[in-house]
Amino acid sequence: MAYSSAEWPARSLLGAVSPEARRELLELGAPTRYEAGEVLLSEGARDRHVLLLLSGFAKVTARVENGEESLLAVRVGGDSVGEMAAMDGAPRSATVTACGPLTARVVQPGLLRTLLVQRPEVHLILTGIIADRLRWANRRRLDFRGYPAKVRLARLLVELGTSSGHPVEDGVVLGCRLTQPELAALTGAAETTVHKGLRELRREGLLETGYGSTVIRDLVRLRELADLPPDG
């Protein structure tokens, strides 16, 4: 599911800034459209531009020591990608690939730095987003050791629902559609284990999956299963 300009998640960069700052961000760079499977950013590359995702979603992947590709995160409309290289000049740490049609604005690092100086609000929000991503990565590593696979799956679904979900009358629609192998990669579980966990969540009335969509039907109960405190 793609987000329109009025529906960017509140925790994304474009969703969190003030209307004035958002307008200035959307005036930066050039609008670009990407097709499914097209690479937006490449691991190890030395380019330094930032992408502001306007619609669609993308996968963030990196190569591990054995050469295999590991799924690290997903990003949706409203998110930024590539800001680390823009800030420190180091090579890209991951590859970002479009999952379905995606639109973004390509912003050169100089333009972004100028705006961050002029708009400290944006700088603070972006810094907070980067810190949240680091905390999420740390939580994942701890989850792998401390929770069984079904609980890790529930924790991931809650995270996706609260960070990029779209509320509907009977639940929360996830802003991205992940395959079972991708869910397995993000939870550190075998694909067969994820398949079993999804089946159990559907049977318990917590989740509904269909062609092109995943809906959390009971976020409160899912948070309980995930051993997470009540939201708010």
Side-chain angles (χ1 to χ4, degrees), residues 1-23 25-26 51-60 71 73-81 98-105 121-122 125-126 128-133 135-136 139-140 143 150-180 182-183 186-187 194 197-232:
M1 175 179 177
Y3 286 94
S4 71
S5 59
E7 296 174 323
W8 286 314
R11 296 187 184 184
S12 69
L13 178 61
L14 291 177
V17 297
S18 67
E20 295 79 10
R22 184 183 304 115
R23 184 165 53 250
L25 278 167
L26 293 174
L51 293 172
L52 297 177
L53 306 187
L54 305 179
S55 67
F57 77 96
K59 292 185 288 190
V60 182
L71 179 63
V74 294
R75 300 286 178 251
V76 301
D79 282 333
S80 61
V81 292
C99 302
L102 180 150
T103 58
R105 296 194 74 88
E121 164 210 347
V122 179
I125 290 173
L126 184 58
I129 288 171
I130 293 172
D132 283 344
R133 292 174 180 175
R135 280 194 292 269
W136 187 77
R139 285 199 304 271
R140 281 186 63 215
D143 287 352
K150 183 179 176 181
V151 176
R152 298 201 303 268
L153 177 60
R155 292 172 75 89
L156 173 64
L157 291 170
V158 169
E159 174 69 24
L160 293 174
T162 55
S163 65
S164 61
H166 177 61
V168 294
E169 183 177 356
D170 297 321
V172 177
V173 178
L174 298 191
C176 55
R177 183 76 166 102
L178 295 174
T179 65
Q180 291 187 16
E182 290 164 347
L183 289 171
L186 284 173
T187 55
V194 167
L198 290 172
R199 185 174 65 246
E200 292 177 357
L201 292 176
R202 288 193 297 266
R203 188 172 61 242
E204 294 163 8
L206 301 178
L207 194 70
E208 180 179 317
T209 58
Y211 180 74
S213 69
T214 299
V215 183
I216 297 173
R217 288 302 183 193
D218 194 330
L219 187 56
V220 173
R221 287 175 55 212
L222 190 64
R223 293 185 72 90
E224 292 175 354
L225 173 62
D227 194 25
L228 291 168
D231 193 17

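No hydrogens, no waters, no symmetry mates; every other heavy atom, side chains included, goes into these values.
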Side chain to side chain donor-acceptor pair (under 3.5 Å) involving [X] - partner list, sequence neighbours excluded:
X	answer
D170	none
R202	T209
R133	E83

Could I get the full list of salt bridge (Lys or Arg N to Asp or Glu O under 4.0 Å) partners for [X], not counting sequence neighbours?
X	value
K150	E200, E204
R135	D132
R155	D143

Practice task
Kindly indicate whether the side chain of L222, heavy atoms from C-beta on, has any atom under 4.5 Å from the side chain of L228.
Solution key: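 Counting from C-beta outward, L222 and L228 never come under 4.5 Å.
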Practice task
Sort out for me which residue in L54, D79, V17 forms a side-chain contact (heavy atoms from CB on, under 4.5 Å) with W8.
Solution key: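 Single side-chain contact (heavy atoms from CB on, under 4.5 Å) partner of W8 among L54, D79, V17: L54.
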Practice task
Among V173, L174, L207, find the residue that satisfies the side-chain contact (heavy atoms from CB on, under 4.5 Å) test when tested with V215.
Solution key: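 The passing option is V173.
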Exercise for the section: Please check if any side-chain donor atom of E208 sits under 3.5 Å from a side-chain acceptor atom of T214, or the reverse. Expected result: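 No, no side-chain donor-acceptor pair sits under 3.5 Å.
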Output the distance between atom [atom1] ([X]) and atom [atom2] ([Y]), rounded to the nearest 0.5 Å.
X	Y	atom1	atom2	value
L201	R221	CG	CZ	9.5 Å
L153	L186	CG	CG	10.0 Å
E182	C99	CD	SG	6.0 Å
L157	L219	CG	CG	10.0 Å
L178	F57	CG	CZ	6.0 Å
S80	L13	OG	CG	5.0 Å

Exercise for the section: Using modelled atom types only, decide if a donor and an acceptor are shared between the side chain of R75 and the backbone of A58 within a distance under 3.5 Å. Expected result: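 Here the side-chain-to-backbone pair does not exist.
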Please report the closest heavy-atom contact between [X] and [Y], naming both atoms and the distance.
X	Y	result
G161	I216	CA-CD1, 4.1 Å
P9	G77	CD-O, 3.2 Å
V122	A21	CG2-CB, 3.6 Å

Problem - Audit row: L14, L25, side chain to side chain contact (heavy atoms under 4.5 Å, CB included) steps and yes/no - result: CA-CA 8 Å; L14 291 177; L25 278 167; 4.0 Å; yes
Exercise for the section: Check the pair V76 / S12 against side chain to side chain contact (heavy atoms under 4.5 Å, CB included), numbers first and verdict last. Expected result: CA-CA 8 Å; V76 301; S12 69; 5.6 Å; no
Handout entry: side chain to side chain contact (heavy atoms under 4.5 Å, CB included) assessment of T162 paired with R223
Key = CA-CA 11 Å; T162 55; R223 293 185 72 90; 3.8 Å; yes
Handout entry: Audit row: L53, L102, side chain to side chain contact (heavy atoms under 4.5 Å, CB included) steps and yes/no
Key = CA-CA 8 Å; L53 306 187; L102 180 150; 4.0 Å; yes
